[in-house]
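This report concerns only the one structure given below.
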Amino acid sequence: MSSIVAEQLSKTFPGEARPVVDSVSFRIEPGEFVVLLGPSGCGKTTLLKMINRLYEPTSGRLLIDGADARAVPATELRRRIGYVIQQTGLFPHLRIEQNIAVVPQLLGWERRRIEVRIDELLDLVELPRAYRRRYPRQLSGGEQQRVGLARALAADPGLMLMDEPFGALDAITRARLQDELLRIQQRLHKTILFVTHDVDEALRLADRLLIMRAGRMVQFDTPLAVLSHPADDFVRDLLSADDVLRRLSLLRVADALRPPAVNEGYGNGSSALTPTDDLRIALGRVLEAGGESLPVVADGQNVGRVTPASIAAALARGERALPD
Amino acid sequence: MLALLLEAYEYFLANQSRFWAAATQHVWISSAALLIGTAIGLPVGIWAARRAHAGQWAINAFGALRLIPSLAVLFLAQPYLGIGALPALVALTLLAVPPVLIAAYAGVRNVDRGVSEAARGMGMTAAQILWRVELPLALPSIVGGVRSAAVEVIASATLAAFIGGGGLGIFITRGYALFDTRIMLVGAIPVALLALTVELALALVQRRLSSNAGMAA
C-alpha cells in the first residue's frame with residue numbers, strides 16, 4: 001500500500017501550447033482503488049505515466065509514501081510500481097514464467113524464491129500452472145491480460161498503475177476480469193490507479209473517481225457522491241448522472257430499509273432481498289412482486305422491508321447508510 | 001551442355017591447386033567483408049532505430065550508397081587504395097553494410113510499442129531493454145539482413161579479380177579473355193553454389209530464430 005500526493009502537477013509536451021495535464025493536485029490514501037476517468041485526450045494517461053515517471057512533470061511535485069518521486073532513479077522507482085497496459089505488453093519471445101519473473105529478476109531475487117512466486121501468482125490470477133512453459137501468443141486475450149496482471153504483481157508492489165487494461169477485451173471477458181481484480185484487491189489491498197474511459201467499468205471498480213477534462217481535475221470523489229452531486233454539466237453528461245437506474249445500482253437495500261411490517265412472514269424465500277443487494281435489482285423485484293414491498297432477510301432473520309417509497313427516499317438522500 | 005560441364009570439370013581437375021587457392025581467397029574476402037559490414041551496419045541500424053529523425057537520415061544515406069555499382073566503387077577506390085585485396089575488401093564491405101543496417105533498423109523499429117513501453121514501465125534500463133527485449137525480437141530480421149548481404153557479397157566478390165584481388169572471379173576474367181566458356185564455368189558454378197548454400201543455411205537459422213522467439217505460427 002502506498003500513498004500518493006500530487007501537488008500542482010503539470011505536463012506540457014515540447015512544441016505544444018496547452019498543457020496536457022494542468023496543475024492537478026490530489027491525495028490518494030494507501031489501499032485506495034482510484035479510477036481516472038475522462039474522454040480521450042483529457043490527460044488521464046499522461047497523468048498516470050507521470051506517477052512512474054514515464055513522463056517527467058513540467059512542474060509540480062509528486063510524493064509517493066511521502067518521498068519525492070525524483071529522489072530515486074526512475075528505473076528503481078518503476079520496479080516498485082506494478083504496471084499493466086492495454087496491449088498487455090507481454091514479451092513475445094519469453095515464456096509465461098519468464099514474463100512473470102522479469103521484475104523479481106531485475107530486483108535480484110534468488111531463483112528459488114522466484115519459482116515459488118510464479119506458482120503463487122498463477123494461482124492468484126486463476127491460470128493453470130501448466131501455462132508456465134507457454135508463450136503469450138498461445139493464450140487468449142483474457143488469459144494474456146491475467147498474465148499481465150500477475151507480472152505486475154510479481155514483486156508485490158504497494159502501488160499498481162493500470163492503463164485501460166481491459167480495453168481490448170470483449171464484454172464478457174472484461175466483466176470477468178473486473179471481478180477478478182476486485183477479488184484480488186480485497187485480498188491484497190494495493191493502492192491502484194486505473195485509467196479507463198468506460199463509465200460502467202469506472203463505477204464498478206472505483207473507491208473514488210478522479211474525473212478529468214482538458215487536463216484539469218474536475219471532480220475527485222466516490223462514485224455515489226459524483227453521481228448524486230456532479231460538479232458540473234460535463235460530469236453530469238459524462239456519467240449520465242440523470243440515469244436513475246445507474247444511481248440505484250450504487251445504493252444497497254440497507255440504504256432503503258424500513259422496519260418489518262407487523263405480522264409479516266418471511267415472504268416466499270425466493271423473492272426476499274438481502275441488505276447487500278443493490279437497489280436497482282431491489283426495485284425490479286419489488287415491481288415484479290406487485291409493487292408493494294418485499295421483506296429483507298439477513299442470516300435467516302427478517303430484518304425489515306423495502307418499498308418504492310423507501311427506495312425513492314434513499315435515492316433522494318444520495319448517500320449510503322453505512323460505509324463499506 | 002553436358003560435354004561443356006565435363007570439360008569444365010577436367011579443367012578443374014587439372015588446375016586444382018589454383019582453384020582451391022582462389023576459392024579460399026574468395027571465402028576469406030567475402031567473410032571479412034560480411035563481418036566488417038555487419039560490425040558497422042548493426043550498431044548504426046540500432047542507433048538509427050532509436051532516434052526518429054537522425055535515423056531516417058542515416059537510412060536514406062546508406063540506401064543511396066547501394067545505388068553506386070560495386071564495380072564503380074572498385075575503380076573509384078583504386079587511386080587511393082591501389083590494387084589487390086584491400087580495395088576489393090573495402091568495396092565489398094560497403095556493399096554488405098546497407099542490407100544489415102536496414103534490417104537492424106526495421107527489426108528494432110518493428111518491436112511492438114506496447115512491449116517496449118512495458119519494459120520501460122517495469123524498470124528496465126535502456127541497455128536491458130536493448131539486450132533483453134529489442135535485440136532478441138529483432139534477431140530474425142537481422143539474420144535476414146545478413147543473409148541478403150552474404151549473397152550479394154559472395155556474388156560480387158568475383159569482381160575482386162578485376163583489380164587483382166583474387167577469388168573465384170579470376171577464372172571468369174581468364175575465361176572471358178580467352179573466349180573459353182569452360183574456364184568461366186569453373187569460376188561461376190562454385191560461386192553460385194557457395195551463395196546458394198549460405199543463403200539456405202541462413203534461411204534455416206532465421207526460421208529457427210523466429211519460432212524460438214515465439215513469433216512464427
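Below, each value reflects all heavy atoms present in this structure, side chains not excepted, and no hydrogens, waters or symmetry copies. So that the names make sense, note that chain A is the first sequence line, chain B the second, and so on, each numbered from 1.
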Least distance between heavy atoms, Pro92(A) atom then Leu137(B) atom: CG-CD2, 3.6 Å
For chain A, which residues of residues 107-121 of chain B have heavy atoms nearer than 4.5 angstrom: Gly114(B), Val115(B), Glu117(B), Ala118(B), Ala119(B), Arg120(B), Gly121(B)
Heavy atoms of other groups near Phe162(B) CZ, more than 12 under 6.0 Å: no
Spatial distance of atom OG1 (Thr125(B)) from atom CZ (Arg78(A)) [nearest 0.5 Å]: 10.5 Å
Phe13(A) atom CZ: more than 12 heavy-atom contacts under 6.0 Å: yes
Chain B contacts, top residue of Val84(A), Val102(A), Leu106(A), Thr88(A) (heavy-atom pairs, under 4.5 Å): Leu106(A)
CD/Glu110(A): more than 12 non-hydrogen atoms of other groups inside 6.0 Å: no
Working for side chain to side chain contact (heavy atoms under 4.5 Å, CB included), residues Met122(B) and Thr75(A): CA-CA 8 Å; Met122(B) 293 167 76; Thr75(A) 50; over 6 Å; no
Where Pro136(B) and His93(A) come nearest, the two heavy atoms and their spacing: CB-CD2, 3.5 Å
Under 4.5 Å from any heavy atom of chain B - which part of Ile85(A): side chain
Closest approach of Met124(B) to Arg79(A) (non-hydrogen atoms, all atoms of both residues): CA-NH2, 4.5 Å
Neighbour count >12 (heavy atoms, 6.0 Å) for atom CZ, Arg132(A): yes
Leu107(A), part contacting chain B, at a heavy-atom distance under 4.5 Å: neither
